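Bear in mind that the values here come from a model prediction, so they are computed numbers and not experimental data. For the single chain, residues carry numbers from 1 onward in sequence order.
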Amino acid sequence: MAELLAPTLPGRARMRHSAPAAVSALALIAMIGVCSTLQPGVLSVQGLTLVLSATVPLVIAAQAQMTLMAVGDIDLGIGAFVGLVTVVTATKLSSSPLVGGLVLLGLVAAYALLGLLIHLRRVPSLIATLGASFVWLGLGLFLLPTPGGSTPEWLAAFGAWQPAGFPAPLLPILLVTALVHLLASRGSAGVRMRALGSNPVALGRAGLRPLTSRVIAYATAGGLGVVSGLALASQTGGGDVSSASSYTLMTVAAVILGGGSFSGGVAVPWGAAVGGVTLGLVSVVLSLLDVRSDLQSAVQGGIVLAVLAGRVLVGKVLR
């Protein structure tokens with residue numbers, strides 16, 4: 001369970017633990033440099049607000065994915081779930097705040113129940129969350145068959161908020177990432193979740209229930225998914241169950257870019273945030289470079305592979 005001790009590891013081991021996130025941070029800095037070269041206004045407050053705004057819901061969704069990957073699971077339904085939250089926000093929450101709030105709480109409870117079923121029935125998370133994605137999609141289409149609705153005024157005002165001298169998107173990114181860091185890296189619940197991902201047998205021998213740890217992880221992921229959906233709805237001004245369909249794979253890539261692991265036991269909230277912002281800026285860079293839309297996906301994949309290759313290379317050097 002070396003990952004659990006990573007915050008106290010000295011020297012080379014500590015560097016090896018944080019190296020993947022550092023590689024992603026260098027890639028992020030490089031992309032910001034390219035953006036500022038092609039469009040100098042990017043480094044202004046207004047420019048940073050424009051390029052970072054679309055990354056906010058993605059970063060929050062990446063934190064949700066990271067929480068589940070820390071226990072060794074992967075969520076293939078996070079994109080549909082975030083889309084469903086935008087639909088609930090633009091319909092129920094807008095027309096009846098109390099009912100809408102209860103529905104959103106119910107969705108968090110549904111995520112916790114999903115974790116309970118996965119643990120008790122020993123269903124692979126890939127299958128369970130994929131099946132749940134169809135449930136989220138069906139509910140979203142039932143509530144809002146076509147994109148539309150309107151977000152509450154207070155949420156729309158938050159999406160349009162632009163403080164002087166500070167890029168507004170940085171506030172939710174830093175705040176949510178800091179909270180997840182406190183939970184995953186400093187709190188006892190985070191230690192249990194990482195222990196479940198790295199060594200569930202040792203967790204049971206310590207007298208701690210693996211079931212509780214998994215349910216907490218899924219409830220946390222559900223809560224973060226709701227926050228991500230609210231952030232996305234504040235930007236779009238309406239609901240669309242398909243609006244976050246790309247988040248499913250992008251969040252997995254963001255976590256891996258930030259130092260996460262498919263095998264579990266690792267939680268790097270700041271790395272996941274850097275990975276999410278990096279992926280969000282890739283499309284901005286490609287647009288500024290006038291890359292054809294039909295080639296952007298291929299180029300984006302190549303950039304991700306290059307960053308991952310850099311991570312592997314740095315990891316070998318630090319062994």
If every non-hydrogen atom of [X] is compared with every non-hydrogen atom of [Y], which pair is closest and at what distance?
X	Y	result
Val255	Ala62	CG2-O, 3.5 Å
Leu93	Gly101	CD1-N, 3.8 Å
Thr89	Ala233	CG2-CB, 3.9 Å
Ala132	Leu114	CB-CD2, 4.0 Å

At what distance, to the nearest 0.5 angstrom, does [atom1] of [X] lie from [atom2] of [Y]?
X	Y	atom1	atom2	result
Ser234	Trp161	OG	CH2	12.0 Å
Asp240	Leu144	CG	CG	8.0 Å
Cys35	Leu50	SG	CG	12.0 Å
Thr177	Ile60	OG1	CD1	8.0 Å
Met31	Leu26	CE	CG	11.0 Å
Leu130	Ile74	CG	CD1	12.0 Å

Intermediate values then yes/no, side-chain contact (heavy atoms from CB on, under 4.5 Å), Leu281 and Leu28: CA-CA 8 Å; Leu281 287 182; Leu28 173 60; 3.2 Å; yes

Do the side chains of [Y] and [X] get nearer than 4.5 Å, heavy atoms only?
X	Y	value
Val56	Gln235	yes
Val176	Leu224	yes
Lys92	Leu143	yes
Met69	Ile256	yes
Arg214	Leu116	no
Pro169	Thr49	yes
Pro172	Leu175	no
Tyr247	Leu58	yes

Taking [Y]'s backbone N and O only, do any of them form a donor-acceptor pair with [X]'s side chain (distance below 3.5 Å, no angle check)?
X	Y	result
Arg194	Ala267	no
Ser243	Gly83	no
Ser242	Ser245	no
Ser228	Gly225	no
Ser94	Ala90	no
Thr129	Leu76	yes

With sequence neighbours excluded, residues passing side chain to side chain donor-acceptor pair (under 3.5 Å) with Thr251: Gln65

Shared hydrophobic cluster for Leu279 and Val34 (ILVMFWY, side-chain gaps under 4.5 Å): yes

Co-membership, hydrophobic cluster, residues Val87 and Leu98, 4.5 Å side-chain: no

Full working for side chain to side chain donor-acceptor pair (under 3.5 Å) between Tyr218 and Asp75: CA-CA 10 Å; Tyr218 273 81; Asp75 186 2; over 6 Å; no

For Val226, all residues meeting side-chain contact (heavy atoms from CB on, under 4.5 Å), sequence neighbours excluded: Phe81, Val85, Leu104, Val108, Leu230

